[in-house]
Engineer: 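This is the structure, below, for whatever I ask next.
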Protein chains: 2
Amino acid sequence: MKYILGSGSPRRKELLGMILPEFTVMPSRFDEDGMQRDGMDACQIVCALSQQKAKEVFARFREENPEREICVIGGDTIVVSPDGEVMGKPSSREDAARMLRQLSGSTHQVITAVTVMALSDGQVMEKVFPVSTDVTFYPLGETEIERYLDTGEPFDKAGSYGIQGYGGLLVERIAGDYNNVVGLPVARLMREMREMGLLA
Amino acid sequence: MKYILGSGSPRRKELLGMILPEFTVMPSRFDEDGMQRDGMDACQIVCALSQQKAKEVFARFREENPEREICVIGGDTIVVSPDGEVMGKPSSREDAARMLRQLSGSTHQVITAVTVMALSDGQVMEKVFPVSTDVTFYPLGETEIERYLDTGEPFDKAGSYGIQGYGGLLVERIAGDYNNVVGLPVARLMREMREMGLLA
């Protein structure tokens, strides 16, 4: 069985390495921005993104290796602000500051949707599951926000923070799975893959 | 101001590095096993341990450098099992297996007590605060326990697991501060030290 991580995130790569000794990284080429989102809630959006990304990688790999048994793991993470806004990556320093002000002193949700798509014994299997974690931020002053922006950490991250880095200093508490906030709920994924017969 | 971490834990050293660019590690020589614990609950025990450890380092450093302004940070972490047993480090592989069976499929508490003891402007300041995080384990089979023991990770850790390593695969969810489970609630510590005027 060949395992493929359909995401270029170094954090997901590190987490997946905890349960798989060997896998290939093949970032998805699915066009996120082109996806229809009308009438979908945050959880439906992130599930669809994760599924479409995995599907694209699965199809691309199969085209070149039609006989090979494969298992593609795709993941997508979004931050839902206390007001219900779906937060992606910030477009600028000012946008990042705006997001952090919105998260300050309150609780938001981080949802990662994982898709496992496999071809095993000639059968295609697919499973999509979302995992949600509540994250509560300390109240943040403008100085603290500016300092955090100066670390450079917010700019490639949904919601403008990374909990595993200096962003952890902004967080008072979480309720749920920690690695899910980092980008991959690997403990749950391990159990799902075992249940599907894709992991010993 | 000279900062001193009064603990030899590499995990605490890494976490403290997030808020202090420079500090000295000076593990405490306080004799834990000799400490009176009669009639104390888990939280009182860990607070006393953290305080006594910091005090010993503070006194030792001051003896040689009586004029120097210093700030000693001490920490101690315990795991309280669902039955209320205070779990330290395991004494053997069998002991580690026993602890993991006790934590399986239920919620326990991890309490880290932090002591900040400083000499600043000729004044001695001291603050001790405990932080508690609830950790819920997945139900663990014997195979999973044996596999985890084989990683070698449990043997130097209170409660026989490390959440930042493969132990994270055993955890379904937490409620509270994650870094507190790792060994130092650094986000809270930063705020306490600022309030004491010991950090900008």
Side-chain angles (χ1 to χ4, degrees), chain A residues 11 14-21 104-105 107 109-110 112 131-141 143-144 146-148 151 153 161-195 199-200, chain B residues 11 14-21 104-105 107 109-110 112 131-141 143-144 146-148 151 153 161-195 199-200:
Chain A
R11 298 171 289 277
E14 198 186 323
L15 288 168
L16 190 62
M18 288 175 67
I19 61 169
L20 289 178
S104 165
T107 300
Q109 285 187 303
V110 178
T112 296
V131 178
S132 176
T133 303
D134 286 343
V135 179
T136 305
F137 265 37
Y138 278 105
L140 309 177
T143 314
E144 190 154 14
E146 289 300 319
R147 274 191 194 179
Y148 184 51
T151 66
E153 213 178 76
Y161 75 97
I163 197 168
Q164 72 287 350
Y166 291 104
L169 296 173
L170 315 177
V171 174
E172 186 172 354
R173 53 180 282 116
I174 73 164
D177 184 282
Y178 173 81
N179 289 325
N180 186 53
V181 186
V182 179
L184 193 70
V186 64
R188 168 82 181 273
L189 173 62
M190 180 176 84
R191 284 162 180 82
E192 295 285 352
M193 286 177 69
R194 279 192 190 146
E195 209 167 275
L199 200 67
Chain B
R11 299 172 288 278
E14 198 185 323
L15 288 168
L16 190 61
M18 288 174 67
I19 60 169
L20 290 179
S104 165
T107 300
Q109 285 186 303
V110 178
T112 296
V131 178
S132 176
T133 303
D134 286 343
V135 180
T136 304
F137 266 37
Y138 277 107
L140 308 177
T143 313
E144 188 154 17
E146 288 301 319
R147 273 191 195 178
Y148 184 51
T151 65
E153 213 178 73
Y161 76 97
I163 197 168
Q164 72 287 350
Y166 291 104
L169 296 173
L170 315 176
V171 174
E172 187 173 355
R173 52 181 281 114
I174 74 165
D177 183 284
Y178 173 81
N179 288 326
N180 186 51
V181 185
V182 179
L184 193 69
V186 63
R188 168 81 182 274
L189 173 62
M190 181 177 83
R191 283 160 180 84
E192 294 286 353
M193 286 177 69
R194 279 191 190 147
E195 209 167 275
L199 200 68

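Labels below follow one simple rule: chain letters A, B, ... track the order of the sequence lines, proteins then strands, and each chain is numbered from 1.
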Engineer: Let me confirm one number: the CG-CG distance from A:Leu15 to A:Leu20, rounded to the nearest 0.5 Å.
Structural biologist: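 Output value for this atom pair is 12.0 Å.
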Engineer: Name the region of A:Ile19, side chain, backbone, both or neither, that has any atom closer than 4.5 Å to a heavy atom of chain B.
Structural biologist: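 The answer is the side chain of A:Ile19.
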Engineer: Listed by chain and number, what are the salt bridge (Lys or Arg N to Asp or Glu O under 4.0 Å) partners of A:Arg194, not counting sequence neighbours?
Structural biologist: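 With neighbours one apart ignored, the set is B:Glu144.
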Engineer: Could you measure the distance from the CD1 atom of B:Ile163 to the CZ atom of B:Arg11? Nearest 0.5 Å is fine.
Structural biologist: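 One finds 12.5 Å between CD1 of B:Ile163 and CZ of B:Arg11.
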Engineer: Using a heavy-atom cutoff of under 4.5 Å, enumerate the residues of residues 174-181 of chain A that contact chain B, numbered in order, or state 'none'.
Structural biologist: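 Listed by number, the contacting residues are A:Ile174, A:Ala175, A:Gly176, A:Asp177, A:Tyr178.
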Engineer: What is the minimum heavy-atom distance between B:Arg191 and A:Leu170, and which atoms define it?
Structural biologist: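 In this case the closest contact between B:Arg191 and A:Leu170 is NH2-CA, 4.2 Å.
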Engineer: Please state whether the side chain, the backbone, both or neither of A:Val186 comes within less than 4.5 Å of a heavy atom of chain B.
Structural biologist: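 Interface part for A:Val186: both.
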Engineer: Are the side chain of A:Glu153 and the backbone N or O of A:Tyr161 linked by a donor-acceptor pair below 3.5 Å?
Structural biologist: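 No.
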Engineer: Under 4.5 Å between any side-chain heavy atoms of B:Leu16 and B:Leu189, yes or no?
Structural biologist: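 In contact.
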Engineer: Hey, which residues of residues 132-141 of chain B are touching chain A, say heavy atoms under 4.5 Å apart?
Structural biologist: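 Expected list: B:Tyr138, B:Leu140.
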Engineer: Keeping to residues at least two apart or across chains, list the salt bridge (Lys or Arg N to Asp or Glu O under 4.0 Å) pairs with something in residues 163-172 of chain A.
Structural biologist: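 Passing the test, one end in residues 163-172 of chain A: no pairs.
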Engineer: What are the two closest heavy atoms between A:Gly168 and B:Ala187, and how far apart are they?
Structural biologist: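 For A:Gly168 versus B:Ala187, the nearest heavy atoms are O-CB, 3.7 Å.
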Engineer: So how far is it from A:Thr151 OG1 to A:Tyr148 OH, rounded to the nearest 0.5 Å?
Structural biologist: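 Output value for this atom pair is 5.0 Å.
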Engineer: Checking A:Met190 against chain B: side chain, backbone, both or neither under 4.5 Å from a heavy atom?
Structural biologist: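 Only the side chain of A:Met190 comes within 4.5 Å of chain B.
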Engineer: Hey, is CD on B:Gln164 packed in by over 12 heavy atoms from elsewhere, all under 6.0 Å?
Structural biologist: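 Yes, CD of B:Gln164 has more than 12 neighbouring heavy atoms, counting only those of other groups under 6.0 Å.
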Engineer: To the nearest 0.5 Å, what is the distance between CZ on A:Arg188 and OG1 on A:Thr112?
Structural biologist: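 It is 11.5 Å, given to the nearest 0.5 Å.
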